[in-house]
Amino acid sequence: MANELILICEDNDKNRKLARRVLEKAGYRTHEVVTGEEAIKAARETPPDLILLDYLLPGIDGIETLKRIRADKSIRRMPIVAITASAMPEEMARMGQAGFDGFMTKPINLKVLLGTIESLLARAKAKAT
Ligand code: MN
């Protein structure tokens with residue numbers, strides 16, 4: 001299964017381009033944004049099948065972005081995977097409680113990333129039918 005639209009929200013150019021390259025090679029379509037505010041806007045305008053959301057962003061952070069998306073009935077159900085640089089236990093706990101569908105710490109293991117995306121998309125599809 002591929003061709004699903006993945007929204008990549010990441011402020012680091014290098015990481016964002018790497019994610020795009022890997023996802024497109026795997027057959028996904030991608031949409032890139034840099035801030036959480038842009039991610040929310042993009043999610044409303046062109047609903048993606050899944051969002052990859054960096055935790056540390058220039059404006060609102062990943063958790064606030066997630067909260068705003070979950071508060072919007074029209075887009076609240078899309079799977080969201082957090083990407084974080086830090087593996088501080090309290091931060092991990094905060095992110096788990098916030099309601100992310102998955103999260104990964106940098107440096108990203110690309111195989112694990114693709115596996116996570118694939119299973120979340122399959123789960124979302126199963127739920128929709
Ligand atoms: Mn960042």
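Predicted model only: the values in this text are computed from it and were never measured.
C9 is listed as a side-chain neighbour of L57, based on a closest heavy-atom distance under 4.5 Å. No side-chain heavy atom of L50 sits under 4.5 Å from any side-chain heavy atom of I80. In this structure, the side chains of M78 and P48 come closer than 4.5 Å at one or more pairs of heavy atoms. Residues I51 and I69 meet the side-chain proximity criterion, which asks for heavy atoms closer than 4.5 Å. Inter-residue side-chain proximity for Y55 and R94 is flagged as met; some heavy-atom pair is nearer than 4.5 Å. Two residues are said to be in side-chain contact when any heavy atoms from C-beta on lie closer than 4.5 Å; D54 and D11 meet this criterion.
Looking at K41 and E45, a side-chain N of the basic residue comes within less than 4.0 Å of a carboxylate O on the acidic one, giving a salt bridge. Look at K17 and E10 and you find no salt bridge, because none of the NZ, NE, NH1 or NH2 atoms lies under 4.0 Å from a carboxylate O. By the 4.0 Å N-to-carboxylate-O rule, D61 lies too far from K67 to be salt-bridged with it. With salt bridges taken as basic N to acidic carboxylate O contacts below 4.0 Å, none links D49 and R77.
For I8 against L23, the heavy-atom pair with the smallest separation is CD1-CD1, 3.9 Å. Residues A39 and L7 approach most closely at O-CD2, 3.6 Å, considering heavy atoms. Annotation for A42 and V33: closest pair CB-CG1, 4.2 Å, computed over non-hydrogen atoms. Closest approach of T35 and P58 over heavy atoms only: CG2-CG, 4.0 Å. The two residues M95 and F100 come nearest to each other via the heavy atoms O-CD1, 3.3 Å.
Taking hydrophobic clusters as Ile, Leu, Val, Met, Phe, Trp and Tyr residues chained together by side-chain heavy-atom distances below 4.5 Å, I108 shares a cluster with I117. L113 and L5 end up in different hydrophobic clusters when Ile, Leu, Val, Met, Phe, Trp and Tyr side chains are linked at under 4.5 Å. Residue L53 is not grouped with residue V34 when hydrophobic side chains (ILVMFWY) are merged at heavy-atom distances under 4.5 angstrom, including chains of intermediate members.
Rounded to the nearest 0.5 Å, atoms NZ (K14) and CG (L18) are 8.5 Å apart. Between atom CD1 of residue I60 and atom CD of residue E38 there is a gap of 10.5 Å, rounded to the nearest 0.5 Å. Interatomic distance, OG1 of T30 versus CD of E4, reported as 13.0 Å (0.5 Å rounding). To the nearest 0.5 Å, atom CG of residue D13 and atom CZ of residue R16 are 4.5 Å apart. Rounded to the nearest 0.5 angstrom, I75 CD1 and R44 CZ are separated by 5.0 Å.
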Check the pair T116, M104 against side-chain contact (heavy atoms from CB on, under 4.5 Å), reporting the backbone distance first and the verdict last. CA-CA 9 Å; T116 301; M104 333 211 53; 4.3 Å; yes
Set out, in order, the CA-CA distance, both residues' side-chain angles and the distance that settles salt bridge (Lys or Arg N to Asp or Glu O under 4.0 Å) for R70 and D101, then state yes or no. CA-CA 12 Å; R70 296 295 193 230; D101 297 282; 2.8 Å; yes
For a side-chain contact (heavy atoms from CB on, under 4.5 Å) check, start with the C-alpha distance between I6 and H31, then their side-chain angles and the critical distance, and finish with the verdict. CA-CA 6 Å; I6 314 285; H31 184 169; over 6 Å; no
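Side-chain atoms of Y28 and R20 include no donor-acceptor pair closer than 3.5 Å.
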